[in-house]
Protein chains: 2
Amino acid sequence: MSADSLDSIDRAILREVLRDARLTLQELSGRVNLSPSPCARRVRILEERGYISGYHAHLDEAKLGYPFSVFVSVKLAHQVDDRLQAFEQAVNAYPEVIDCWLMTGTRDYLLRVAVADLVEFEGFLTRRLTKVPGVASIESSIPIRRVKKGFSRLD
Amino acid sequence: MSADSLDSIDRAILREVLRDARLTLQELSGRVNLSPSPCARRVRILEERGYISGYHAHLDEAKLGYPFSVFVSVKLAHQVDDRLQAFEQAVNAYPEVIDCWLMTGTRDYLLRVAVADLVEFEGFLTRRLTKVPGVASIESSIPIRRVKKGFSRLD
DNA sequence: ACTGAAAATGCCAGACC
DNA sequence: GGTCTGGCATTTTCAGT
């Protein structure tokens with residue numbers, strides 16, 4: 001079961017719900033040139049098969065009090081998987097951490113952290129990150145602005 | 001107009017629509033202990049004031065044929081803003097580029113690129129990125145897996 | 001087997017309290 | 001902030017291709 005099983009109508013549906021998850025079935029079916037019920041069936045199948053993993057509101061982080069993002073590169077001391085799991089558990093518990101990727105190479109993690117200001121960020125570093133056992137080094141980069149905000153690649 | 005003007009019910013609403021953008025007003029109002037119409041009013045206000053910027057489906061990039069992500073760090077030759085705009089325009093046009101941030105420092109961009117495989121990634125580098133005028137250097141890092149996938153910070 | 005149509009259920013928006 | 005009603009969307013079932 002892969003991308004091949006999607007026809008052009010399925011892709012059109014995905015494109016539309018990517019842009020607006022709250023489209024009514026009527027609007028959606030009209031846009032993809034189908035009547036409501038086959039359109040509803042296709043949507044349900046796309047959900048069941050996992051092409052659509054969910055529908056989420058997107059919030060304005062700045063308006064909510066977190067206008068600053070910081071990218072943090074974390075290197076763990078070379079130990080076994082226990083450390084990785086402990087680190088990942090901590091990261092998942094911190095609300096400041098929005099995204100986290102395990103990178104190839106030397107036990108490297110890349111994090112995006114959202115904070116109110118640099119004072120809060122310093123607190124995050126000193127009171128949170130450096131307290132996680134096994135953290136060997138930390139490097140921070142501050143973005144100026146977001147140039148492109150994508151949700152998912154579709155074509 | 002800032003985050004202060006949100007009370008605990010507003011925050012509860014944001015938390016719920018963040019998790020599921022397709023909740024019906026009935027379900028939503030039940031979860032935040034409100035009756036449907038004041039709940040609808042609050043949602044509308046949150047949308048109008050920009051706390052909620054949109055509702056989007058989240059798709060499974062791997063299932064759609066793009067299982068590999070690559071982080072690309074791009075440095076531009078030091079020139080004026082024309083180059084930045086040209087680069088950003090190009091990045092916005094490339095479907096492979098999901099996210100792009102302009103970083104502080106030396107004309108640095110950080111990109112996340114989604115590709116089918118490393119062959120396609122090489123094509124992206126040679127036929128796309130290196131063709132953009134002003135690109136001085138490119139560094140790629142490959143993640144193994146996504147540890148945390150956040151949508152927005154809320155608390 | 002997949003598409004289109006129709007009926008019944010349930011949801012939403014507005015005026016009003 | 002809560003209640004109610006008219007109108008519409010959704011969903012399920014059923015028939016057609």
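Just so we're on the same page: letters track the sequence lines, and every chain starts at 1.
- Here A/Phe151 pairs with A/His58, B/His56 under the ring-ring contact (aromatic ring centres under 6.0 Å, His included) rule; sequence neighbours left out.
- Applying the side-chain contact (heavy atoms from CB on, under 4.5 Å) criterion to B/Asn33, with sequence neighbours excluded, gives no partner residue.
- In the region residues 18-36 of chain A, proximity to DNA chain C at under 4.0 angstrom, judged on heavy atoms, holds for A/Ser35.
- Within 6.0 Å of atom CD in B/Gln89, 12 or fewer heavy atoms from other residues, nucleotides or ligands are found, so the atom counts as exposed in its surroundings.
- Atom pair A/Arg42:CZ and D/dT11:C1' shows a separation of 18 Å (rounding to whole Å applied).
- In this structure, B/Phe87 has its ring center under 6.0 Å from that of B/Tyr109.
- For the ring-ring contact (aromatic ring centres under 6.0 Å, His included) test, residues two or more places apart in sequence or in another chain that qualify with A/Phe124 are A/Tyr94.
- Applying the ring-ring contact (aromatic ring centres under 6.0 Å, His included) test to A/Tyr66 and every residue at least two apart in sequence or in another chain returns nothing.
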Protein and nucleotides 12-17 of chain D: nitrogen or oxygen contacts under 3.5 angstrom:
none

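- Listed by chain and number, the residues in a side-chain contact (heavy atoms from CB on, under 4.5 Å) with A/Leu125 are A/Phe121, A/Leu129, A/Ile138, A/Ser140 (sequence neighbours excluded).
- Residue A/Cys100 comes nearest to A/Val97 through the heavy atom pair CB-CG1, 4.3 Å, listed as atom of the first residue, atom of the second, then distance.
- A/Gln85 is linked by a side-chain hydrogen bond (donor to acceptor under 3.5 Å, both in side chains) to nothing, counting only residues two or more places apart in sequence or in another chain.
- Applying the salt bridge (charged side-chain N to carboxylate O under 4.0 Å, His left out) test to residues at least two apart or on different chains, the pairs with a partner in residues 141-154 of chain A are A/Arg145-B/Glu88, A/Arg146-B/Asp99, A/Arg153-B/Glu120.
- Within a 6.0 Å sphere centred on CD of A/Glu27, other residues, nucleotides and ligands contribute more than 12 heavy atoms.
- The rotation axes computed at either terminus of the helix from C/dA1-D/dT17 to C/dC17-D/dG1 lie 20° apart, taking five pairs at each end and rounding to 10 degrees.
- Sorted by first and then second residue, the salt bridge (charged side-chain N to carboxylate O under 4.0 Å, His left out) pairs with a member in residues 124-144 of chain B read B/Glu96-B/Arg128; sequence neighbours excluded.
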N/O to N/O distances under 3.5 Å, protein versus nucleotides 7-9 of chain C:
none

